[in-house]
S.K.: 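Let me give you the structure first, and then I'll get to my questions.
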Amino acid sequence: MTVTGLPTGVSRTAVLIAQAREAETARPSGLFKDPLARPLVEAAGRISGVSEAGRRAAEHFVLRTRYFDDRLGEAVRTGLRQVVLLAAGLDTRAYRLDWPAGTRLFEVDLPDLIAFKDRVLAEHDARAPLRAHGRRRRPARRLARLPRLGRVRP
């Protein structure tokens, strides 16, 4: 069931960022390759008529993706073995990056979005490298059951 034309739980921002990763993957000299971006965009529904501000934001999304890919790669090369990807959205770092054996990876986002992503990636036989030699966990359902915090007062 959709309310906004997108699958339940999938935000417009998540799709726009996936579209930016898809476009960067198509560039011969792209900063990264994300072959899973296209299936996610196609399943969610491509967003057309993106404004000029949206097109400029896409450049930011691409640079941000490469920046965090590089920083996470550096961190695991120096021995870090636990990674938490907050607001993971439709990102596919768990699938695209080479994670060392023993790495524990947590993707955190809304349960409906995680379920959508898992379903689409399973339909495309995507396999996260961690499934073979580490753990990829989805704590979002447990987090969703925590009581909501009220307004925080100074």
Side-chain angles (χ1 to χ4, degrees), residues 1-2 4-47 50 54-55 57-146 148:
M1 168 84 39
T2 60
T4 63
L6 295 172
T8 300
V10 178
S11 70
R12 179 177 169 87
T13 301
V15 177
L16 288 171
I17 293 170
Q19 284 179 198
R21 288 195 328 274
E22 175 191 25
E24 187 65 11
T25 297
R27 284 183 351 107
S29 59
L31 296 176
F32 55 84
K33 297 296 179 197
D34 185 354
L36 298 171
R38 178 175 294 232
L40 288 165
V41 168
E42 289 173 351
R46 187 171 305 282
I47 296 174
V50 178
R55 284 189 290 280
E59 294 172 5
H60 165 75
F61 300 148
V62 166
L63 294 173
R64 182 177 76 179
T65 297
R66 176 59 188 263
Y67 176 83
F68 284 114
D69 287 355
D70 289 350
R71 296 300 77 75
L72 289 168
E74 290 170 6
V76 296
R77 281 191 298 278
T78 63
L80 181 84
R81 290 297 175 263
Q82 182 165 295
V83 177
V84 178
L85 302 172
L86 294 175
L90 298 178
D91 187 82
T92 60
R93 275 189 186 94
Y95 297 82
R96 320 185 264 109
L97 299 183
D98 185 28
W99 301 101
T103 301
R104 293 170 43 140
L105 178 71
F106 298 84
E107 288 187 300
V108 180
D109 212 312
L110 298 173
D112 287 341
L113 189 142
I114 294 286
F116 171 81
K117 182 164 81 170
D118 281 348
R119 180 183 56 76
V120 171
L121 295 177
E123 288 171 0
H124 288 85
D125 294 322
R127 302 258 186 259
L130 287 179
R131 293 203 188 270
H133 58 262
R135 290 185 241 173
R136 183 173 147 259
R137 296 186 177 178
R138 301 298 182 111
R141 284 187 177 85
R142 279 178 271 154
L143 290 173
R145 290 192 304 256
L146 292 175
R148 300 283 182 226

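Both backbone and side-chain heavy atoms feed into the values below; hydrogens, waters and symmetry mates do not.
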S.K.: Does Q19 reach the side chain of F61, with side-chain heavy atoms less than 4.5 Å apart?
M.R.: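 They are not in side-chain contact.
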S.K.: Short question: side chain of S11, backbone of A14 - any donor-acceptor pair under 3.5 Å?
M.R.: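 The answer is yes, because a donor-acceptor pair under 3.5 Å joins these two groups.
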S.K.: Quick check against the 3.5 Å criterion: does R55 have a side-chain atom that pairs as donor or acceptor with the backbone of V50?
M.R.: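 Side chain of R55 to backbone of V50, a donor-acceptor pair under 3.5 Å: yes, one is there.
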S.K.: Can you find a pair of side-chain heavy atoms, one from D69 and one from L31, that are under 4.5 Å apart?
M.R.: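 Heavy-atom side-chain distance check fails, nothing below 4.5 Å.
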S.K.: According to salt bridge (Lys or Arg N to Asp or Glu O under 4.0 Å), who are the partners of E22, at least two apart in sequence or on a separate chain?
M.R.: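 R38, R46.
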S.K.: Using side-chain heavy atoms (C-beta onward) and a distance below 4.5 Å, is T13 in contact with V15?
M.R.: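 The answer is no, as the side chains (C-beta and beyond) never meet within the 4.5 Å cut-off.
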S.K.: A side-chain contact here means heavy atoms from C-beta on lying under 4.5 Å apart; do V41 and L90 qualify?
M.R.: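 Side chain of V41 against side chain of L90, heavy atoms only: no contact under 4.5 Å found.
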S.K.: To the nearest 0.5 Å, tell me how far R77 CZ sits from D98 CG.
M.R.: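 It is 10.0 Å, given to the nearest 0.5 Å.
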S.K.: For the atom pair CG (L113) and CD (E107), what is the distance rounded to the nearest 0.5 Å?
M.R.: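 Here the interatomic distance stands at 10.0 Å.
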S.K.: Would you say CZ of R81 has more than 12 non-hydrogen atoms from neighbouring residues, nucleotides or ligands within 6.0 angstrom?
M.R.: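 It does: R81 CZ has more than 12 such atoms within range.
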S.K.: Kindly indicate whether the side chain of L110, heavy atoms from C-beta on, has any atom under 4.5 Å from the side chain of I114.
M.R.: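 A side-chain contact under 4.5 Å is absent here.
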S.K.: Are the side chain of K117 and the backbone of V10 linked by a donor-acceptor contact shorter than 3.5 Å?
M.R.: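 Side chain of K117 to backbone of V10: no pair is present.
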S.K.: Would the distance check show the side chain of D109 and the main-chain N or O of G89 forming a donor-acceptor pair, the cut-off being under 3.5 Å?
M.R.: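 Side chain of D109 to backbone of G89, a donor-acceptor pair under 3.5 Å: yes, one is there.
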S.K.: Give, for atom OG1 of T8 and atom CG of D112, the distance between the pair rounded to the nearest 0.5 Å.
M.R.: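 Result: 6.0 Å between the selected atoms.
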S.K.: Run the salt-bridge test on R27 and E24 with the 4.0 Å N-O cut-off and return the result as yes or no.
M.R.: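 E24 and R27: salt-bridged.
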S.K.: Quick check against the 3.5 Å criterion: does W99 have a side-chain atom that pairs as donor or acceptor with the backbone of R93?
M.R.: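 Side chain of W99 to backbone of R93, a donor-acceptor pair under 3.5 Å: yes, one is there.
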S.K.: Side chains of V62 and F32: does their closest heavy-atom pair fall under 4.5 Å?
M.R.: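 Heavy-atom side-chain distance check passes, below 4.5 Å.
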S.K.: Should R104 and V83 count as side-chain neighbours, where that means a heavy-atom distance under 4.5 Å?
M.R.: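 R104 does not reach V83 side chain to side chain.
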S.K.: Could you state the interatomic distance from CZ (R21) to CG (D91), rounded to the nearest 0.5 Å?
M.R.: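 Rounded to the nearest 0.5 Å, the CZ-CG separation comes to 4.5 Å.
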S.K.: Between atom CG of L72 and atom OH of Y67, what is the distance when rounded to the nearest 0.5 Å?
M.R.: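 Reported value, rounded in 0.5 Å steps: 10.0 Å.
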S.K.: Can you name the residues that form a side chain to side chain contact (heavy atoms under 4.5 Å, CB included) with R119, not counting sequence neighbours?
M.R.: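 Scan of R119 (side chain to side chain contact (heavy atoms under 4.5 Å, CB included), adjacent residues dropped) gives F116, E123.
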S.K.: Kindly compute the distance separating CG (D34) from OG1 (T65), expressed to the nearest 0.5 Å.
M.R.: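 Result: 8.0 Å between the selected atoms.
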